[in-house]
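Structure, as structure tokens:
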Number of protein chains: 2
Amino acid sequence: MKEETRQRVLAAARQVGYTPNAIARSFATRRSGHLGVVMPYVPKARLFSAYYFSEILSGIGSRAQANKYDLLMLFREPGGTMDYMNLFRSRKVDACIILGAKDELGEREAIRELDQGGHPYCLINQRFDGENFHVVDADHAEGGYRAVRHLLQAGYRRIAFLNGPDVYSNSRDRLAGYRRALDEAGITPDESLLFEGNFSRKSGHAAAEFIAPLLPGIDAVFAANDRMAIGLSQGLRARGVKPEHMPALVGYDDSDSAEMSDPPLTSVRVPFYQLGELAASHVLRLLEEQGGPADRRERMHLQLPTELVVRASSLNRTM
Amino acid sequence: MKEETRQRVLAAARQVGYTPNAIARSFATRRSGHLGVVMPYVPKARLFSAYYFSEILSGIGSRAQANKYDLLMLFREPGGTMDYMNLFRSRKVDACIILGAKDELGEREAIRELDQGGHPYCLINQRFDGENFHVVDADHAEGGYRAVRHLLQAGYRRIAFLNGPDVYSNSRDRLAGYRRALDEAGITPDESLLFEGNFSRKSGHAAAEFIAPLLPGIDAVFAANDRMAIGLSQGLRARGVKPEHMPALVGYDDSDSAEMSDPPLTSVRVPFYQLGELAASHVLRLLEEQGGPADRRERMHLQLPTELVVRASSLNRTM
DNA sequence: TGAGAAAATGTACGCGCGTACATTATTTGC
DNA sequence: GCAAATAATGTACGCGCGTACATTTTCTCA
């Protein structure tokens with residue numbers, strides 16, 4: 001086809017105001033052109049930090065846009081399990097990225113179906129032990145290890161851990177890092193120093209009830225995200241703990257609030273934006289290769305490094 | 001049709017594993033089933049606060065889900081203007097909600113087309129003077145007024161204002177509120193106390209350069225969002241301003257960071273989640289009524305009330 | 001100028017659903 | 001038991017595009 005003709009046609013199309021009908025095109029090509037993003041169910045979006053999602057979504061969005069794909073947001077229902085297969089059967093999406101999946105029976109089963117169905121998908125920040133799923137993750141074991149080693153190096157010995165629910169692999173990973181750090185320092189982990197919140201500021205605040213009484217015996221706390229760390233700090237203050245008796249504090253995620261809190265919060269930076277980008281890239285590549293031998297395809301399992309960002313909250317208080 | 005037959009058919013469908021093809025259905029009905037959400041261009045999602053968007057998106061999402069609509073995220077290109085009309089011409093969306101629109105020539109024109117084309121759309125948090133668009137907004141003039149009146153009542157007289165860019169109607173509205181409050185208190189607004197940031201923490205931090213030198217002559221600052229307020233506070237501290245010389249501070253949005261900062265930040269709460277819900281409801285209603293006489297349809301213009309949340313940052317320092 | 005290649009133009013069909021309407025089977029009311 | 005009402009079944013078509021292929025026109029080179 002000659003370039004000149006091509007231009008003439010395009011000009012004529014513009015002349016009559018022709019715009020291709022995206023639906024008809026999808027229908028003919030049997031591709032929706034949509035990249036699905038499954039969001040966790042979070043009442044009013046408060047539980048998971050907004051930071052976490054906006055970063056990941058931006059990363060996904062930038063890649064999707066570059067590849068002419070549209071982002072379709074899919075919200076989990078409050079109760080039930082998401083039927084991922086149906087997204088593909090009904091042709092709503094060409095590929096999908098799953099956020100905030102929990103390691104629960106129905107979920108695991110649903111993803112296994114997806115995987116065996118040979119559909120392009122990718123989990124972000126969640127691993128399923130014993131499965132070989134496409135996952136883009138950060139190295140939270142290393143992140144936890146660094147956080148705790150940092151506290152140990154700063155001279156703290158009795159280090160409590162306010163973790164998240166263990167349906168999330170990142171919770172389990174951080175715990176492993178915590179244990180390893182203590183282990184290397186020759187400290188026997190004290191199970192009574194382990195606490196669990198749900199990543200909300202409130203749950204951090206509530207944890208103060210259990211942590212405050214132990215305070216002479218705890219000199220530092222590692223929290224599984226910044227919101228809980230800040231909530232805990234506020235909770236302790238509300239219970240009358242004086243600044244000079246505050247335990248050292250290390251958070252996780254290095255969200256905006258880490259540098260906005262007082263004292264600024266030492267935290268573990270997680271490359272959420274990149275996680276999003278990589279997951280989108282991966283899923284779009286799977287989509288391209290979909291002609292190939294499906295069973296031979298290797299599963300992706302990435303673990304991006306994290307980075308400890310030291311701020312005032314974890315400096316030795318004798319300084 | 002008898003209920004029994006209906007069940008028999010559904011059972012048979014399940015039997016053979018039939019799932020309707022969403023694309024084919026869209027094609028036949030000439031409806032995409034998508035609710036478009038136009039996102040502002042924000043490099044790495046940092047400029048606009050994550051809080052703002054996740055709240056609005058959650059609100060939109062809840063309504064969309066309840067009406068069996070999917071959310072299609074549409075990202076503005078870095079440079080150009082969004083061609084809203086084309087979203088409808090190409091049948092990508094049945095309705096759309098526009099976030100973060102700026103009052104600029106191309107934008108205004110594009111929305112006017114949309115409006116005159118009779119398409120279901122709604123702006124959130126942005127008004128265009130002289131146009132009669134569908135808008136769901138909050139009463140930022142009232143919000144600004146309350147913030148400043150509160151400072152006046154607390155005894156502050158020299159009140160600076162760190163506003164956002166005036167391509168946003170909310171910036172202009174807040175300024176009007178600021179002026180009215182001063183006016184009522186018999187204070188002549190001093191133009192040299194007006195500063196402009198871009199809603200980022202950084203820009204608040206940077207504003208400290210100009211505000212710090214004036215400090216004896218400024219006893220309070222009202223900032224157009226919490227991030228700038230906190231950035232400013234940090235910037236002043238970084239410039240050696242002692243806590244006892246810190247101006248009183250009022251932020252805006254009442255985001256998470258307001259209650260996480262130290263001292264806790266007085267702020268103006270904006271019902272972002274509801275803005276999202278209402279915009280979605282409205283747009284879906286327009287969609288239903290689309291058969292009706294398009295030109296006679298009234299434009300929506302809502303202004304939800306805001307609420308002042310008083311915290312320590314604005315208490316009189318003599319207390 | 002004529003044969004062959006390249007480009008342009010024309011024609012037909014299917015993607016899977018909704019919709020409309022005609023036909024046949026079943027139920028209802030008297 | 002018969003006509004009318006109701007339900008079930010069958011048939012046809014179009015939505016607007018991509019794709020394949022046949023046909024015609026234009027270009028190229030000897």
Side-chain angles (χ1 to χ4, degrees), chain A residues 1-36 64 67-70 72 74 83-96 117-120 284 287-292 294, chain B residues 1-36 64 67-72 74 83-96 114 117-120 284 287-292 294:
Chain A
M1 183 171 46
K2 265 197 292 189
E3 179 58 25
E4 186 213 322
T5 322
R6 177 188 172 72
Q7 291 307 328
R8 260 175 50 222
V9 172
L10 290 177
R14 225 172 300 122
Q15 193 82 21
V16 291
Y18 170 79
T19 306
N21 181 320
I23 299 177
R25 167 178 276 155
S26 289
F27 186 51
T29 57
R30 296 199 288 301
R31 291 243 168 155
S32 67
H34 297 331
L35 178 53
N67 290 275
K68 312 273 182 201
Y69 270 81
D70 289 321
L72 201 61
L74 305 158
D83 184 357
Y84 299 116
M85 276 303 277
N86 210 49
L87 292 176
F88 288 91
R89 268 200 300 266
S90 70
R91 295 297 154 92
K92 268 184 189 287
V93 305
D94 297 337
C96 91
H119 296 298
L284 291 172
L287 195 49
E288 279 176 17
E289 298 169 355
Q290 220 172 9
Chain B
M1 182 171 47
K2 268 196 294 190
E3 180 57 25
E4 185 214 323
T5 323
R6 178 189 171 72
Q7 291 306 328
R8 260 176 49 222
V9 172
L10 289 176
R14 225 171 302 121
Q15 193 82 22
V16 292
Y18 171 79
T19 306
N21 181 322
I23 299 178
R25 166 178 278 156
S26 289
F27 186 50
T29 56
R30 274 157 1 265
R31 291 240 169 161
S32 66
H34 298 330
L35 178 53
N67 290 276
K68 311 273 183 200
Y69 271 82
D70 288 322
L71 242 52
L72 201 60
L74 304 158
D83 185 357
Y84 299 117
M85 277 302 278
N86 210 48
L87 292 176
F88 288 90
R89 267 200 300 268
S90 69
R91 295 296 154 90
K92 269 185 189 285
V93 304
D94 297 337
C96 90
L114 246 198
H119 296 296
L284 291 171
L287 196 48
E288 278 176 17
E289 297 168 355
Q290 220 171 10

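By convention in this document, chain letters (A, B, ...) are assigned in the order of the sequence lines, proteins followed by strands, and residues within each chain are numbered from 1.
Rounded to whole Å, atom P of D/dA7 lies 14 Å from atom CZ of B/Arg8.
In this structure B/Ser32 satisfies the side chain to side chain donor-acceptor pair (under 3.5 Å) test together with B/Asp94, sequence neighbours excluded. Considering only residues two or more places apart in sequence or on other chains, B/Glu3 meets the side chain to side chain donor-acceptor pair (under 3.5 Å) condition with B/Gln7. Annotation: salt bridge (charged side-chain N to carboxylate O under 4.0 Å, His left out) contacts of A/Arg89 (sequence neighbours excluded): A/Asp83. Residues forming a ring pair (Phe, Tyr, Trp, His ring centres under 6.0 Å) with A/Tyr69 (at least two apart in sequence, or on another chain): none. Applying the ring pair (Phe, Tyr, Trp, His ring centres under 6.0 Å) criterion to B/Tyr84, with sequence neighbours excluded, gives no partner residue. Residues forming a side chain to side chain contact (heavy atoms under 4.5 Å, CB included) with A/Arg91 (at least two apart in sequence, or on another chain): A/Arg30, B/Asn21, B/Ile23.
For the pair A/Ala64 and A/Leu35, the tightest heavy-atom approach, listed with the atom from each and the gap, is CB-CD2, 4.0 Å.
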Per-nucleotide protein contact along nucleotides 13-18 of chain D, 5' to 3', at a 4.0 Å heavy-atom cut-off (B base, S sugar-phosphate only, - neither), is --BBBS
What are the atom names and distances for every N/O pair under 3.5 Å that joins the protein to nucleotides 20-29 of chain D?
none

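Sorted by first and then second residue, the ring-ring contact (aromatic ring centres under 6.0 Å, His included) pairs involving residues 7-29 of chain A (not counting sequence neighbours) are A/Phe27-B/Phe27.
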